[in-house]
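For reference, the structure is listed below as structure tokens.
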Amino acid sequence: MPELPEVEMVARHLRALLAGKTVRKAQLLQPGIAPEHPPRQFAQWLRGARVETVARRGKHILTHLSNGRTLLTHLRMTGRFLYVAAEAELEPHTHAVFWLDDGQKLLYSDVRRFGRLQIVKTAELDETKALRQLAPEPFDPAFTPEYLFRALKRSRQPIKLFLLDQTRVVGLGNIYAAEALHRAGINPQLPAQQLSRPRTDRLHTEIVAVLNDAIAYESTLNTDPRDLDASYTGGTYESLTRVYDRAGQPCLTCGTLVRRFTQGARSTYYCPRCQRR
DNA sequence: ACTAAAGCCTGGCTGC
DNA sequence: TGCAGCCAGGCTTTAG
């Protein structure tokens, strides 16, 4: 389940693999993953386009093309790219194929078809629905403790749900939201607007730190750009998790048993001792 | 304006 | 053994 650090790794690897290369031909096999475009239109916009660079915004991957368009990708839960020889068999659940001018092809595969591809004019990127509402990047100077405090004050939601809302904070998913709250010693049920200013500063620090730690860790572990999906299927972030998916096991800080409960229809993990309201 | 919940999907696991 | 039923969860859409 790629969150910001895993998407960052995929974007970096795609950049290394694709920058300067030309898409000879593209094919959309499963139109449902690109609902904005007819498959032929999708293929036409990519054919002959050179990849200028690959960037990331939140959990979206932005592949900038020489024709003034950008391929927007969101992997959601199980989306992944594979970089294989042009004559290689297609992986199961391959929904799009991009033949490159280096004798390789890029596959987009997604078992559950939650992920989405979209092609937009690069000049209109910031106005697209997918990106328009997003909060500042956690590593951007605009993401300050003041920003976070003001956003928290406007919400009565439990803070865990607040952290998952990409219009307030970008990049956290279920795993890193739980980890950031654990590191900051905050109970996931606390109403967002009740977080004090000092604890907001601490939370801000831990959000940035947990994402940075994950990126640093995955960077050392996954150095081959061709391992495009190893960063989130190879058991990387699990090594960083101190509460996520550890219900019934001792908290790594204090030994109290980690608890799990359902919040917003998904599992929240926390330590009842370290994370008081 | 805000929050809550349903729906999208399918593989893997559990329990009968 | 086989199979029904549940679970995983990011995001959009719909309902309240």
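Not measured: the values here are computed from a predicted model. Order of the sequence lines fixes the chain letters, A, B, ..., with proteins taken first and strands second; residue numbering starts at 1 for each chain. Every heavy atom of this structure was used, including side-chain atoms; hydrogens, water molecules and symmetry mates were not.
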From [options], pick the nucleotide closest to the side chain of [X]?
{"X": "A:S155", "options": "C:dC11, B:dT3, C:dA8", "answer": "B:dT3"}
{"X": "A:H93", "options": "B:dG11, C:dA8, C:dT12", "answer": "B:dG11"}
{"X": "A:K129", "options": "B:dA4, C:dT13, C:dG10", "answer": "C:dT13"}
{"X": "A:V111", "options": "C:dC11, B:dT10, C:dG10", "answer": "B:dT10"}

What's the [atom1]-[atom2] distance between [X] and [N], to the nearest Å?
{"X": "A:R168", "N": "B:dT3", "atom1": "CZ", "atom2": "C1'", "value": "9 Å"}
{"X": "A:R116", "N": "C:dT13", "atom1": "CZ", "atom2": "P", "value": "10 Å"}
{"X": "A:K160", "N": "B:dA4", "atom1": "NZ", "atom2": "P", "value": "13 Å"}
{"X": "A:L161", "N": "B:dC2", "atom1": "CG", "atom2": "P", "value": "16 Å"}
{"X": "A:F162", "N": "B:dA1", "atom1": "CZ", "atom2": "P", "value": "18 Å"}
{"X": "A:H95", "N": "B:dT10", "atom1": "NE2", "atom2": "P", "value": "8 Å"}
{"X": "A:H60", "N": "C:dT12", "atom1": "NE2", "atom2": "C1'", "value": "12 Å"}
{"X": "A:Q193", "N": "B:dA1", "atom1": "CD", "atom2": "C1'", "value": "14 Å"}

- Between A:L195 and A:K153 the two heavy atoms that sit nearest each other are O-NZ, 3.7 Å
- Between the CZ atom in A:F261 and the OG1 atom in A:T268, the distance rounded to the nearest 0.5 Å is 4.5 Å
- Task: Starting at CG of A:L117, measure out to OG1 of A:T73 and round the result to the nearest 0.5 Å.
- Result: 5.0 Å
- Task: Just call it for A:R266: base, sugar-phosphate, or nothing, with non-hydrogen atoms closer than 4.0 Å on any strand.
- Result: base
Check the phosphate of [N] against [X], side-chain N and O only, distance under 4.0 Å to OP1 or OP2. Yes or no?
{"X": "A:K59", "N": "C:dC11", "value": "yes"}
{"X": "A:S267", "N": "C:dA8", "value": "yes"}
{"X": "A:Q166", "N": "C:dC11", "value": "yes"}

- In terms of the nearest nucleotide of DNA chain B, which residue is placed more toward the 5' end: A:R156 or A:R112? A:R156
- Message: Taking the nucleotide of DNA chain B with the nearest heavy atom to each, does A:D165 or A:R113 sit closer to the 5' end?
- Response: A:D165
- Which of A:R199, A:R242, A:R183 passes salt bridge (charged side-chain N to carboxylate O under 4.0 Å, His left out) with A:E206? It is A:R183
- Message: Check for me whether the distance between the ring centres of A:F81 and A:H13 falls short of 6.0 Å.
- Response: no
